[in-house]
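Just below is one structure, and these are the notes that go with it.
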4 protein chains.
Amino acid sequence: MDLIPTMPDHSLEKPAHCRRKEARPTEIIAAALHLFDEKGYAATRLDDVALRAGVSKGTIYLYFDSKEALFNAVVREGLVAALSGWEVRLANDAGNSSNLLGELVLDFSRMFGSDQAGAVLKLALSEAGNFPDIAHTYHDCVIEPGIDLLRRVVMRGMARREFRSVNPEIAAHIILAPLLMRVIWEHSFICGGSDVPTERYLAEYLDLVLEGLQSAG
Amino acid sequence: MDLIPTMPDHSLEKPAHCRRKEARPTEIIAAALHLFDEKGYAATRLDDVALRAGVSKGTIYLYFDSKEALFNAVVREGLVAALSGWEVRLANDAGNSSNLLGELVLDFSRMFGSDQAGAVLKLALSEAGNFPDIAHTYHDCVIEPGIDLLRRVVMRGMARREFRSVNPEIAAHIILAPLLMRVIWEHSFICGGSDVPTERYLAEYLDLVLEGLQSAG
Amino acid sequence: MDLIPTMPDHSLEKPAHCRRKEARPTEIIAAALHLFDEKGYAATRLDDVALRAGVSKGTIYLYFDSKEALFNAVVREGLVAALSGWEVRLANDAGNSSNLLGELVLDFSRMFGSDQAGAVLKLALSEAGNFPDIAHTYHDCVIEPGIDLLRRVVMRGMARREFRSVNPEIAAHIILAPLLMRVIWEHSFICGGSDVPTERYLAEYLDLVLEGLQSAG
Amino acid sequence: MDLIPTMPDHSLEKPAHCRRKEARPTEIIAAALHLFDEKGYAATRLDDVALRAGVSKGTIYLYFDSKEALFNAVVREGLVAALSGWEVRLANDAGNSSNLLGELVLDFSRMFGSDQAGAVLKLALSEAGNFPDIAHTYHDCVIEPGIDLLRRVVMRGMARREFRSVNPEIAAHIILAPLLMRVIWEHSFICGGSDVPTERYLAEYLDLVLEGLQSAG
DNA sequence: CATGAATGAGCCTTCATTCAT
DNA sequence: GATGAATGAAGGCTCATTCAT
């Protein structure tokens with residue numbers, strides 16, 4: 001499966017000519033993301049994507065080879081957005097591990113709080129059956145790095161005797177879960193959901209996790 | 001949306017007549033569940049459901065009014081399976097709250113370990129966009145009771161000074177998340193996934209959560 | 001096309017045994033007639049015919065080879081009913097031709113006033129496209145004899161100088177038309193229709209026709 | 001029931017672009033009319049309509065929401081065609097009523113002689129059971145105005161002592177019947193039918209009717 | 001580049017017909 | 001004979017994809 005959409009490289013064109021034209025693919029992707037997230041891949045009609053993007057249906061095919069290619073582009077865009085969020089200063093940060101974990105969680109919250117990354121997370125999970133390649137790519141490029149980051153923070157904390165001894169791999173999964181779940185939640189039970197504001201949720205969550213990790217001493 | 005499929009009540013028919021007949025709806029539901037879980041609602045063809053159930057396409061319509069009705073039946077079946085799992089002895093159990101929480105988690109694991117309940121959980125989340133009624137029903141009948149159970153255990157622990165003071169509502173969500181996430185995981189990244197066996201995962205998870213809840217004293 | 005339904009000859013069975021059984025074909029035909037008339041051939045489901053006849057769907061096939069065969073039987077039954085109505089004493093009646101025409105019209109009205117013959121008339125016209133054989137048979141067995149009868153009365157009247165000189169063939173058609181039309185009317189615009197009672201309609205009709213035929217002298 | 005098909009208004013589009021495009025709906029309606037007339041609504045396949053119209057099946061759905069909507073459009077078209085035929089100069093015509101009636105009949109004959117109006121008349125009667133709304137609309141918009149016109153001519157004749165005293169309402173029905181019947185005839189017993197040419201039929205018919213209406217003096 | 005009319009493969013659904021009981 | 005569960009061919013409808021303008 002080709003994750004890179006058929007998209008002409010406009011990088012050498014004069015920049016101030018027609019901003020709309022260059023934004024087209026992005027606008028289409030944004031429209032598609034919204035609808036894929038809302039209705040799922042299969043139930044989303046290209047007509048609706050075109051309508052929402054303000055272009056004709058045929059135009060979509062100028063930039064993407066097929067509906068599946070569009071889906072790939074959507075996910076890839078969200079992938080990039082997500083990846084950029086995982087950039088942490090893990091190494092050069094000299095603070096204590098609890099703070100480091102706290103910042104990681106905030107980063108995460110900011111990243112998946114955007115429609116972009118959040119919707120793609122849900123998409124990757126929902127459509128995993130029909131697009132195993134995407135599921136794998138997403139897992140390898142987003143989930144695994146995130147887990148890895150958490151694992152390293154946990155190991156750092158253990159090494160510095162700030163955290164008690166746990167299985168870092170599993171702990172990372174468990175720590176990540178409530179964050180992912182919260183994202184899925186908001187994209188599935190749109191109306192209603194829990195009325196707990198994100199800040200409180202994160203605070204309480206961090207409190208619980210850190211307490212659980214805290215070294216006995 | 002009607003969650004009860006149009007399904008004749010066979011309970012009064014002659015029992016030794018044709019054993020297959022009474023099992024048909026169940027077989028169809030099982031086949032449908034498998035495919036819905038694997039490919040999603042829209043991408044599942046009724047032909048394939050029929051093939052897998054070992055019946056003709058028309059037969060499906062003897063028991064279900066439409067593809068959507070079949071989907072409803074599938075979810076409802078999983079709902080029942082899930083609900084039966086939440087039966088806990090919360091009240092008459094005199095043990096300490098940590099043990100109680102541990103048992104709850106085991107119950108949960110058993111329940112959603114079955115394909116039935118697990119697949120339906122993933123379905124409810126994946127197809128929430130297209131079937132808001134189902135999403136709501138699932139939330140109200142499965143998720144919310146589960147959260148409530150956890151909340152009550154947390155409050156019990158706090159009342160008995162076994163747990164420190166936390167927000168029970170949020171804590172319940174956070175405690176539930178890794179369990180749900182694990183289920184989703186297994187239904188999305190089928191091959192691969194984490195190679196951590198469920199028992200170890202649960203043990204580590206319980207350890208972390210209980211440590212996090214532990215009263216300081 | 002076979003106008004004779006596959007129907008076992010019960011004429012030699014003991015008569016007082018099980019009246020229902022022998023009446024089955026007739027009951028099925030009656031139910032079919034009602035539904036064919038109401039909804040047309042294609043829109044009538046055999047399930048509904050069975051339901052209305054109080055038998056199972058399979059039973060229909062004990063008496064009729066196919067839906068088309070049932071339709072044929074229905075029409076043929078109505079044909080017989082209609083034909084029996086055309087039995088007139090044309091020859092031995094010595095009265096004047098106006099009276100003779102009046103009696104013919106009354107006969108006609110009685111015949112097509114029954115649901116049986118009336119419905120079949122409408123059926124034959126409506127479904128002529130799909131069942132040309134039936135249309136022809138109906139035309140040859142019912143319409144043509146009726147026209148012929150009228151023609152002979154008109155010719156008799158002309159021969160006896162009771163009627164003025166007209167084209168008997170055409171006159172017969174024109175005289176028949178309002179009678180047929182009235183029947184069609186009642187089977188098409190069921191509710192509403194004209195509120196003129198049949199008696200008045202016939203009287204006025206006869207008055208107009210006879211006046212039109214009246215010899216000038 | 002909505003008699004107006006979902007049909008984009010092309011009146012403002014560039015005219016010299018693609019002559020075919022604007023004719024499409026009309027061509028589809030014509031093809032549908034032919035087949036509906038020939039085989040009835042239910043027995044007509046949209047594939048066949050498409051084939052006859054020289055378009056693909058999907059194209060039909062560009063202009064009509066459903067088979068039923070297409071049927072509505074067909075009837076409505078025929079309705080318009082029929083209504084335009086009932087335009088008579090009743091008021092300003094100073095001639096005698098017999099002539100007026102004669103002209104009305106010619107108008108009628110011209111109108112329903114076209115496939116359009118004639119086929120729709122038969123359709124309205126045949127499919128009245130399945131489309132009561134259409135039957136009513138047709139009755140109210142075509143039949144009733146026609147009857148009304150005839151009634152007014154009859155009353156005019158009576159007022160001017162050209163016609164004898166009859167019930168105008170009933171007379172109108174009776175006068176209309178042979179005309180309608182002739183139309184139905186031609187659409188039902190396509191091959192064969194009576195071999196009397198329309199002109200002779202009309203002449204004989206008028207002769208009979210006028211004679212019947214003639215004032216005794 | 002952009003459009004949107006046209007296409008046709010594919011799927012849900014219906015229903016006449018069969019057949020084991 | 002009678003039943004009604006099961007069948008599967010057929011048709012209405014959708015929508016991703018193409019292409020002439």
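Computed from heavy atoms alone, side chains included, the values below leave out hydrogens, waters and symmetry copies. Values in this document were obtained by computation on a predicted structure and should not be read as measured data.
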- Task: Check the distance between F/dC15's P and A/Asp48's CG and give it to me in whole angstrom.
- Result: 8 Å
- Item | Earlier contact from the 5' end, DNA chain E, for D/Thr59 and C/Ala43 | D/Thr59
- Tell me whether the OP1 or OP2 atom of F/dA2 has a side-chain N or O from C/Tyr61 closer than 4.0 Å. no
- Roughly, in whole Å, what's the span from CG in B/Leu62 to C1' in E/dC15? 11 Å
- Quick one: is the NZ or CZ of A/Lys67 closer than 6.0 Å to the six-membered ring centre of A/Tyr61, and within 45° of its axis? no
- Mate of F/dA9 across any strand shown (Watson-Crick or G-U wobble, both atom pairs under 3.5 Å) is E/dT14
- For the pair made of CG in A/Asp47 and P in F/dT17, what is the distance, rounded to whole Å? 12 Å
- B/Lys57 vs F/dG8: side-chain N/O to OP1/OP2 distance below 4.0 Å: no
- Message: Using 0.5 Å steps for rounding, measure from the CZ atom of C/Phe131 to the CD atom of C/Glu68.
- Response: 5.0 Å
- Quick one: on DNA chain F, does B/Ile60 or A/Thr44 contact a more 5' nucleotide (nearest heavy atom)? B/Ile60
- Task: Report the distance from atom CG of C/Asp47 to atom CG of C/Leu51, rounding to the nearest 0.5 Å.
- Result: 8.5 Å
- Message: If I take atom CG in residue A/Leu46 and atom P in nucleotide F/dT17, what distance separates them, rounded to the nearest angstrom?
- Response: 7 Å
- Message: Tell me the interatomic distance from C/Leu70, atom CG, to E/dC15, atom P, rounded to whole angstroms.
- Response: 16 Å
- Message: Output the rounded distance in Å from CZ (A/Phe64) to P (E/dC1).
- Response: 13 Å
- How close or far is atom P of F/dG11 from atom CG of D/Leu51, stated in whole angstroms? 13 Å
- Side chains of C/Asp115 and C/His34: is there a donor and an acceptor less than 3.5 Å apart? no
- Task: Give the nucleotide from the list F/dG12, E/dA5, F/dA2 with an atom nearest to the side chain of D/Arg45.
- Result: F/dG12
- Task: Starting from the 5' end of DNA chain F, give me the residue, B/Gly58 or A/Ser66, whose nearest nucleotide shows up first.
- Result: B/Gly58
- Message: If I take atom CZ in residue C/Arg24 and atom C1' in nucleotide F/dA2, what distance separates them, rounded to the nearest angstrom?
- Response: 8 Å
- Item | Parallel, tilted or perpendicular: ring planes of D/Phe36 versus D/Phe71, cut at 30 and 60 degrees | perpendicular
